[in-house]
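Structure first, commentary second.
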Protein chains: 2
Amino acid sequence: MSARVERKDAAEHRKLILQTAEKLFDDHGVNAVSMHQIAKTAGIGQGTLYRRYTHKGDLCLDLIQDFSHEFVEQIERYLKEHRELPAEERLGGVLDRWIDTIEKKSELIMTVEAHQLKGSEESRAATFFQSPLYQFVRDRMSELLTEIAKRRPDSAADPTLTAHSLICAMAPHGYFHMKHEKHFSTDQMKHNYRRLCRLPVSD
Amino acid sequence: MSARVERKDAAEHRKLILQTAEKLFDDHGVNAVSMHQIAKTAGIGQGTLYRRYTHKGDLCLDLIQDFSHEFVEQIERYLKEHRELPAEERLGGVLDRWIDTIEKKSELIMTVEAHQLKGSEESRAATFFQSPLYQFVRDRMSELLTEIAKRRPDSAADPTLTAHSLICAMAPHGYFHMKHEKHFSTDQMKHNYRRLCRLPVSD
DNA sequence: GAGCTAAACGGACAATTGTCCGTTTTCATT
DNA sequence: AATGAAAACGGACAATTGTCCGTTTAGCTC
């Protein structure tokens, strides 16, 4: 078997890069850190960094990836523990947790998205929409929407497209724009997105 | 009155820049054209270009601006001529036309958005969400949603947030991602967004 | 129309992103 | 352990973005 095993030095560099980037991003903010700075701090060459990550968005996507396991487990636990709740309520729970994630990781997500938009068409680079994290939330939302539609089939829209649209509507830039314009708290935003989905709210 | 009149040479340059940029963008695509190239082609200095437009996104926003009058008139005419139709149908009409606009101007819009995402927080630069075009569609959608909600007030969400969310969900990158993944035609996309809003569809 | 000042100009310069390619290292084979 | 090829390295280089600042010009005042 022609095993495609990652070379040892390469594997070490991968970890080193991610750790270095995370530290620098935490200290100075994602935007303030350059790729050159990351390479220099990690003690590797510019070329080494760029071969592994074709641009900053790519690197950020990998950091999100790292973090996403946490989110996935959180959601899976939540859904398991609240299996008996109506699907409407569970969807609300997923939305709330997704919003918390957006707030925490907005800088990384925005950086990923910025690079998606730059790369015209063909670019082979990974995009947020292909990331396991996006796939995961979309699939969970989609399942719940399907379950909801089964019980009240008032001409429900395609669940995948609905879930996708929700995720787009909650993307950091649009999310914060509304939040600031309306002077909403995070809880108010959560409340409003529930209403947007016509979910029961407690007001 | 301390009239802030734009100097004649400046006004001429503004037009020259927009025309040059539009031409170059049409010929080579927005992404393939650099600011340097625009300045050189227009026969002006780099500094002159950058003082008027702090970055490429800014320039694109102005091009969209130029174009948006056309869209605004189209929508106003449509709404006037179909005043008697139910608000649901009129909203559908606005969505259709907005989708056509997205498809036509996606490159410009994506470039504007890419720069919004880069600029961290404070940057004074104009964003798409502050553009008259965005304001216009959002307001029209919002009005129609309010009208719809009046007749069937099944716990309708905030119309502004709903309109904003719709616009975000239809932003080029997310729009095309769905379109390509599902192999949808433009008409199918229109159809699906109508269903998303729970509007009557003709299937 | 001479003089003045604020605005506008433009090109050099700095910073950042992204690429290229000659050199080094790993590791499978012998 | 020696060998060799694929993979990885790294720093110089090219391209693009964005800034700075000394110079020019429009258009007002006298």
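The figures that follow rest on heavy atoms only: side chains count, while hydrogens, waters and symmetry mates do not. Note on naming: letters A, B, ... go to the chains in the order of the sequence lines (proteins, then strands), and numbering restarts at 1 for each one. None of the values given here were measured: they were computed from a predicted structure.
With R90(A) as the partner, the salt bridge (charged side-chain N to carboxylate O under 4.0 Å, His left out) test is satisfied by one option alone out of E81(A), E147(A), E143(A): E147(A).
Nucleotide dA8(C) holds its P atom 12 Å from the NE2 atom of H13(B), rounded to whole Å. Atom-to-atom, CZ of R51(B) to C1' of dG11(C) comes out at 13 Å; the value is rounded to the nearest Å. Atom NZ of K15(A) and atom P of dA8(D) are 16 Å apart (whole Å). One interatomic measurement links the two molecules: CZ of R14(A) to C1' of dC9(D), which rounds to 15 Å at whole-angstrom precision. Whole-Å rounding puts the K40(A) NZ to dT17(C) P distance at 14 Å. A straight line from CG of L16(B) to P of dA8(C) spans 16 Å, rounded to a whole angstrom. Distance L59(A) CG to dT17(C) C1': 14 Å, rounded to the nearest Å. Atom pair Y53(A):OH and dT16(C):P shows a separation of 22 Å (rounding to whole Å applied).
Taking a cutoff of 4.0 Å between a charged side-chain nitrogen and a carboxylate oxygen, E89(A) and R194(A) qualify as a salt bridge.
You'll find that the side chain of M35(A) is closest to dT17(C), out of dT17(D), dC9(C), dT17(C). Comparing dA8(D), dG18(C), dT19(D) by their nearest atom to the side chain of Q46(B) picks out dT19(D). Side chain of H55(B), nearest nucleotide from dA8(C), dG18(D), dC9(D): dG18(D). Considering only the side chain of H115(A), dG18(C) comes nearest among dG18(C), dT17(D), dC9(D).
Within 4.0 Å (heavy atoms only), L49(A) reaches no atom of the nucleic acid at all. T48(B) comes within contact range of at least one nucleobase, with a heavy-atom separation under 4.0 Å.
For H82(A), the NE2 atom is densely surrounded, since the number of other residues' heavy atoms within 6.0 Å is greater than 12.
Side-chain atoms of H177(A) and E181(A) include a donor-acceptor pair closer than 3.5 Å. Under the 3.5 Å distance criterion, with hydrogens and angles disregarded, a donor-acceptor pair is assigned to the side chains of Y134(A) and H164(A).
Every residue two or more places apart in sequence or in another chain that forms a side chain to side chain contact (heavy atoms under 4.5 Å, CB included) with R52(B) is listed here: E6(B), A10(B), H13(B), R14(B), I17(B). Remark: D26(B) engages E22(B) in a side chain to side chain contact (heavy atoms under 4.5 Å, CB included) (not counting sequence neighbours).
Residues of residues 17-24 of chain B having a heavy atom closer than 4.0 Å to DNA chain D: none are found.
Between Y50(B) and dG18(D) there is a side-chain N or O to OP1 or OP2 distance below 4.0 Å.
Along DNA chain D, the nucleotide closest to R52(A) and the one closest to G47(B) are compared, and the more 5′ of them pairs with R52(A).
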